[in-house]
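Order of listing sets the numbers, starting from 1, for every ligand and every atom in it. This structure is a prediction, so every number in the text was calculated from the model and none was measured.
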Amino acid sequence: MSHDASQIEARVDAILAGLTLEEKLGQMSQYPRLAEDDRERIRRGEVGSSIFASSQWAGKDMPSAAKAEFANAFQREAVERSRAGIPVLFARDVIHGHRTVFPIPLGQAATWSPERVEQGAAVAAREAAAEGIKWVFTPMLDIARDPRWGRIAEGFGEDPWLAAALAAAAVRGYQGDDPAAPDRVLACAKHYVGYGFAEGGRDYDRTQISAQDLEDICLPPFHAAVRAGVATIMSGFHNLNGTPLSSHAHLLTEVLRHRWGFRGPVVSDWNAVAELMAHGVAANKAEAAQLALRAGVDMEMVSDCYRASLAEAVRAGRLPESYVNQATRRILRAKVQAGLFETPYTDPARATQVTLTPAHRALARQVAGESLVLLKNSDGLLPLGDRFKHVVVLGELAGARDALFGTWTLDGQGADVTPIADAIRAAAPAGVRVTAVTAYPDKMVAYAHQADAVVLVVGEEPTRSGEASSIAEIVLPPGQRELIEAVALNDVPVILVVVAGRPLALARETRLVQALVYAWHPGVEGGHAVADLLFGRIEPQGRLPVSFPRVIGQVPVYYNHPPSGRPARARGYSSAYMDVAVGPLFPFGYGLAYTTFAYDELTVSGPVLRGDGAIEVAARITNTGTRPGVETAQLYVRDRVASVSRPVRELKGFQKVALQPGASERVVFRLTADDLVFAGADGALCREAGAYDVWIAPDSASGLKGEFTLEGV
Ligand code: GLC
């Protein structure tokens, strides 16, 4: 244990030794928000943590300095007027930015850039910490394959390798080297684990997850966060294979603590400890409290099972106090790590200085621009340049402000946003007239008739994705498909821009338009980012972090699936549908540029990968077009024969390469046997010798293919 770590332990031991049982249970209790009657509760040592939940700072237009003062006022009750003087850990759902709102995490995943995710998290931490928030409930690491599930918006998509890389980047961004720094916070990897496999895509519904999917797909992003030093973890609401996560001792203790060595606190999700009664595994609050604490939930979010029952359980000998001490120790350790004892208060003046700065806005625009995915561009319609002298911008969302923020933004303010239509008007070259119509579809169609080119902005308003926002029909909201059909009847080139929190089934719409740009919910600078892309001020470089189904009936559709004994093919007896083509509309990893790239000269450094060695897989990428571009080269493997049926492809690396027209670059990937670990039939992680296919590819459905053999494992 490092010197610092031993100092922290000594500090924690000293604090713990001085606490009463009630004060320990107070540390294990998290309240939903702060109100005047909380002052007395804080003075009594009953509040270990408080969430500045959605409704806190109602109206959100509270100035940053005032928010900081608000937090300080309640903190003084704890530090200066409670017996133990332990600071309260203030938390908030700072999910994809604070006042400077970045693209939703699914959009950030489309950048395939750990650097951008880290930078965005650092900005969010700086702005949140300045207002007294030292704990953010992010990154959300739930792998999702079902777009019906509204929370697909909050995660990093369907692949564990990409999600793991971005998880570590997010933790670095929020926590830095020292979460006690004034511009850093404690991160929280959530919702441990498997929450995204909700049956039917219905939020909170049960999950049935095989040992292989749990180990190979769901756990790796959380393990990456733990290895990156994430300070806290939040357990999920859901029932996994019959056991609710709030009482899942195997995952919360055996995997998290014994296998991975995680030492931070686990906080339940909102009311989830009490919901063990609704799950039907606890008859009352006392049983729920015992189940959750013994399984490994250290802090109870919002419900009161712990504080209502555990003191009596300890005094009656039904619960060893060691469980309470263990939980309190983890919580105190996190508070020491957050620097709360040295710096319990924040500087209101600083809050104003660091919020929504020009540099923050510039980064938000950069990340939004890199998150946009060009999915279709017939005849090189885009970039618009100045060829079209009258560009008509249509759609309600073309005039939207808050709607660009996406599903979970508590501190963004609509007035900060430049709508897409205004941004297009501002970015248009000289001589290009821009007309915007954001209301009345009949008026929109009439203006389309007069246009040289139409930019039609459609999609979802933010509350159609996110928590408790599952939808059964993943198509555009009512009326939008009809509008697209009506506009397309005017023989005018149509660029469809989709603002959404999830993949939508767009097979019909895609055929009706000449260009398609997926913007996700792009954040405070999303309007400018879309305009930058349409006029070619930036190059499209987004790549899909999730497969796009043709129709809802294909769901779940994802790339890293096992082949089946009769792999899907167009004809004959196979695992294909009779009424829809095989595979997704757009595959995982897919995205176009304004230029083109060629892949050739694949090499594998040797035919054999030894268990203790490494091989290098390389290829040359050339920009064969006339514009600069950024390509995301992806490395995939396939384990041809193993003790269990293995996926037809698995992502094992990616690199972004910026290339000028005509330029080439060799991308080199390094593979080791550790990259090829998987869960065998018994669910235990293993490595098996055998032959592998390997690709370097622009997406999960194409690329240059090579091979190697793994030996000596
Ligand atoms: C919510 C969400 C979780 C969030 C927490 C606190 O219900 O499930 O993601 O961080 O409660 O708001």
Indicate whether the side chain of [X] and that of [Y] have a donor and an acceptor atom separated by less than 3.5 Å.
X    : Y    : result
H360 : R99  : no
T346 : E131 : no
E370 : T111 : no

task = Find the distance between OH (Y204) and CD (E275) and round it off to the nearest 0.5 Å.
result =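 Y204 OH to E275 CD: 8.5 Å, rounded to 0.5 Å.
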Against heavy atoms of [X], which atoms of ligand 1 measure under 4.0 Å?
X    : result
K190 : 3 (C), 4 (C), 9 (O), 10 (O)
F237 : 7 (O), 8 (O)
H191 : 3 (C), 8 (O), 9 (O)

Decide whether the shortest distance between a heavy atom of [X] and an atom of ligand 1 is less than 4.0 Å.
X    : result
R151 : yes
W408 : yes
M140 : no

request  = Please determine if R44 and D38 form a salt bridge, counting it only when a charged side-chain N lies under 4.0 Å from a carboxylate O.
outcome  =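 Result for this pair is no, no salt bridge flagged.
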inquiry  = Quick test of your reading of the structure: of I95, D269, L410, whose heavy atom lies closest to atom 5 (C) of ligand 1?
reply    = D269
ask   = In the protein, what heavy atom is nearest to atom 6 (C) of ligand 1, and what distance, to one decimal place, separates them?
value =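 Protein heavy atom with the smallest distance to atom 6 (C) of ligand 1: D93 OD2, 3.3 Å.
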note = closest protein heavy atom to atom 2 (C) of ligand 1 is E467 OE1, 3.2 Å
request  = Sort out for me which residue in R330, Q326, R329 forms a side chain to side chain donor-acceptor pair (under 3.5 Å) with D298.
outcome  =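 Single pass found, and it is R330.
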task = Quick one: do F588 and W161 satisfy ring pair (Phe, Tyr, Trp, His ring centres under 6.0 Å)? Show the steps, please.
result = CA-CA 13 Å; F588 172 81; W161 188 279; over 10 Å; no
